[in-house]
Amino acid sequence: MSTCTIPVVPEVHPAVRRRHSPMVFEPGAMISDAELDTLLDAARLAPSAGNSQPWAFIAGRRGDAVHARIVRHLAGSSARWAPDASVIVVNLARVSLEDSDDVYSDFAHYDLGQAVATMTLQALSIGFDAHQFRAFDREAVEAEFDVPRDWEITTMTAFGIAAHAPGEVVGVSRERRDRDDVTWARVRVDERG
């Protein structure tokens with residue numbers, strides 16, 4: 001049973017409302033084994049099609065050998081800010097059956113996205129911010145970590161403590177399309193009369 005307090009008027013959870021993608025992280029902030037385990041457990045518990053769980057992660061904490069192996073393959077744009085994050089997580093989706101061209105799951109990328117989103121919200125709940133990105137050499141990272149061809153590196157997520165508030169860094173925006181713009185079709189309860 002959930003222990004969340006349900007407001008009389010529903011509202012977006014504060015963690016979701018304050019989430020942003022930092023471009024500057026506190027370079028001294030560290031993440032403990034317990035905190036990193038909590039992030040990975042949150043991802044592990046995400047929903048997936050047929051409970052297939054088509055995800056895996058490579059986690060490199062700032063200053064360790066895995067981090068160094070990840071950072072050397074970042075594109076110039078992400079190399080300016082991502083290395084200062086407490087941890088960089090490489091996000092992998094299982095895209096085919098082992099040693100085959102048969103698709104593992106049509107939902108693998110969607111399911112991985114749910115796992116990363118769940119990890120992101122868990123990070124916010126324990127005081128870490130997240131920036132998901134794709135500015136890196138995917139093939140080089142796959143070779144670096146001997147990723148089998150039935151897996152695909154899709155994105156990375158940098159976790160750490162933001163060194164700025166939303167909107168304080170050029171190129172970082174929290175502006176979003178409004179609800180009507182993102183709703184394709186809907187009948188409101190008050191319109192059914």
**Q** Begin with the C-alpha distance, continue with both residues' side-chain angles, and end with the deciding distance and a verdict on salt bridge (Lys or Arg N to Asp or Glu O under 4.0 Å) for D37 and R44.
**A** CA-CA 10 Å; D37 288 347; R44 181 180 64 81; over 6 Å; no
**Q** For atom CZ of F107, is the number of surrounding heavy atoms from other residues, nucleotides or ligands below 6.0 Å larger than 12?
**A**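 Count not over threshold, so no.
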**Q** Is R138 positioned over the aromatic face of F136, cation under 6.0 angstrom from the ring centre and no more than 45 degrees off axis?
**A**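 Judged by the rule (NZ or CZ under 6.0 Å from the ring centre, within 45° of its axis), R138 is not positioned above F136.
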**Q** Taking 4.0 angstrom as the limit, do D137 and R72 come out as a salt bridge?
**A**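 Not counted as a salt bridge, because no side-chain N and carboxylate O are separated by less than 4.0 Å.
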**Q** Please find the pair of heavy atoms, one from A115 and one from A46, that lie closest to each other, and give the distance.
**A**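 So the two residues come closest at CA-CB, 3.5 Å.
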**Q** How far apart are the C-alpha atoms of E152 and E142, what are their side-chain angles, what is the distance that settles it, and do they pass the side-chain contact (heavy atoms from CB on, under 4.5 Å) test?
**A** CA-CA 8 Å; E152 176 185 280; E142 288 173 346; 4.1 Å; yes
**Q** Should V141 and I70 count as side-chain neighbours, where that means a heavy-atom distance under 4.5 Å?
**A**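 Side chain of V141 against side chain of I70, heavy atoms only: no contact under 4.5 Å found.
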**Q** Considering all heavy atoms of both residues, which atom of H131 and which atom of M23 are nearest to each other, and what is their separation?
**A**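 Smallest interatomic distance, heavy atoms only, reads CE1-SD, 3.3 Å.
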**Q** Evaluate the side-chain contact (heavy atoms from CB on, under 4.5 Å) criterion for residues M156 and I88: first the C-alpha distance (whole Å), next the side-chain angles of each, then the deciding distance (0.1 Å), finally the verdict.
**A** CA-CA 7 Å; M156 292 185 186; I88 298 175; 3.9 Å; yes
**Q** Which heavy atom in A158 sits nearest to a heavy atom in W81, and how many Å separate them?
**A**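 Nearest pair, atom of A158 first, then W81: CB-CZ3, 3.7 Å.
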**Q** For T38, what residues pass the side-chain hydrogen bond (donor to acceptor under 3.5 Å, both in side chains) criterion, not counting sequence neighbours?
**A**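 Result, side-chain hydrogen bond (donor to acceptor under 3.5 Å, both in side chains) vs T38: none returned.
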**Q** Do the charged groups of R62 and D84 touch, with an N to O distance under 4.0 Å?
**A**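 Between D84 and R62 there is no salt bridge, as every charged N stays at least 4.0 Å from the carboxylate O atoms.
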**Q** So do D129 and L124 actually touch side chain to side chain, heavy atoms under 4.5 Å?
**A**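 The answer is yes, as the side chains (C-beta and beyond) meet within the 4.5 Å cut-off.
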**Q** Apart from V116 itself, what residues make up its hydrophobic cluster when side-chain heavy atoms of I, L, V, M, F, W and Y under 4.5 Å apart count as a link, directly or indirectly?
**A**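 Besides V116, the cluster holds I31, L36, L39, L40, W55, F57, V87, V89, L112, M119, I126, F128, F159, I161.
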**Q** Test side-chain contact (heavy atoms from CB on, under 4.5 Å) on R61 and D33 and set out the steps.
**A** CA-CA 10 Å; R61 277 190 282 217; D33 282 335; 2.5 Å; yes
**Q** Identify the heavy atoms of V66 and A59 that sit nearest to each other, and give their distance.
**A**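 Scanning both residues completely, I find the closest heavy atoms to be CG1-O, 3.5 Å.
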**Q** Please check if any side-chain donor atom of N91 sits under 3.5 Å from a side-chain acceptor atom of T155, or the reverse.
**A**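 Side-chain D/A pair, N91 to T155: present.
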**Q** Minimum heavy-atom separation for H109 to A93, with atom names?
**A**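 Shortest heavy-atom separation between H109 and A93 comes out as CD2-CB, 4.1 Å.
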**Q** OG1/T118 to CG/L45 distance, rounded to the nearest 0.5 angstrom?
**A**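 Nearest 0.5 Å value for the OG1-CG distance: 8.5 Å.
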**Q** If you take all heavy atoms of Q53 and S48, which pair is closest and at what distance?
**A**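 Closest approach of Q53 to S48, heavy atoms only: N-OG, 2.9 Å.
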